[in-house]
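Below: the structure, in structure tokens.
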Amino acid sequence: MQPNLIDIDVFMDKLKAEGLVIVKAEQLAATNALKINELRRRYTKKTHLTFKQILEIDVLPIKSKSGLQRWIDEGVIKSDEIYKTTSGVRKIATSFLVRNDYL
């Protein structure tokens, strides 16, 4: 069976039209690392973070909200480091991250 081939110019025009680029994996990883470092810098200025924010900065060995809940249940995250906002959003004190040497 003959493979379907397209002209490189058509391919490149299609990429441009879709706003896509081709980059090396190392460049993509470096860009992601910069984004995570910027989030860490911004979030560490706050006194409390949501579960989502804590997971976004990628400093914990756990990667899910259920993992954070398990740590709360096991006492790794102390009860005085957790609070619920008036809108019902649970937040964790950034002091937890410092106390456990994650920041």
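In this chain, residues are counted from 1 in sequence order.
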Item to check | Reported NZ-to-CZ distance for the pair K45 and R40, which is rounded to 0.5 angstrom | outcome: 15.5 Å
Checklist entry - Are any of the side-chain heavy atoms of K78 and R99 separated by less than 4.5 Å? => result yes
Item to check | Co-membership, hydrophobic cluster, residues I22 and I6, 4.5 Å side-chain | outcome: yes
Checklist entry - To the nearest 0.5 Å, what is the distance between CG (L39) and CG (L49)? => result 10.5 Å
Item to check | Joint cluster assignment, I36 & Y102, ILVMFWY side-chain distance < 4.5 Å | outcome: no
Checklist entry - Side-chain contact, heavy-atom cut-off 4.5 Å: I82 with I72? => result yes
Item to check | T94 side chain vs K46 backbone, donor-acceptor pair below 3.5 Å | outcome: yes
Checklist entry - Are R90 and Q69 linked by a side-chain donor-acceptor pair shorter than 3.5 Å? => result yes
Checklist entry - What are the two closest heavy atoms between I57 and I54, and how far apart are they? => result CG1-O, 3.2 Å
Checklist entry - Is the number of heavy atoms from other residues, nucleotides or ligands under 6.0 Å of F11 CZ greater than 12? => result no
Item to check | Audit row: T85, K91, side-chain contact (heavy atoms from CB on, under 4.5 Å) steps and yes/no | outcome: CA-CA 7 Å; T85 64; K91 292 193 171 192; 4.0 Å; yes
Checklist entry - Could you state the interatomic distance from CZ (F51) to NZ (K65), rounded to the nearest 0.5 Å? => result 8.5 Å
Item to check | Residues L60, L97; criterion side-chain contact (heavy atoms from CB on, under 4.5 Å); working and verdict | outcome: CA-CA 9 Å; L60 300 177; L97 299 170; 3.8 Å; yes
Checklist entry - Considering all heavy atoms of both residues, which atom of F96 and which atom of E81 are nearest to each other, and what is their separation? => result CA-OE2, 3.4 Å
Checklist entry - Are any side-chain N or O atoms of E74 and backbone N or O atoms of W71, one a donor and one an acceptor, separated by less than 3.5 Å? => result no
Checklist outcome for this item: In short, D58 meets K63 closest at the heavy-atom pair OD1-NZ, 2.7 Å
Next on the checklist: For the backbone of T50 and the side chain of Q53, can you confirm whether one donor and one acceptor N or O come within less than 3.5 Å of each other?
Outcome noted: yes
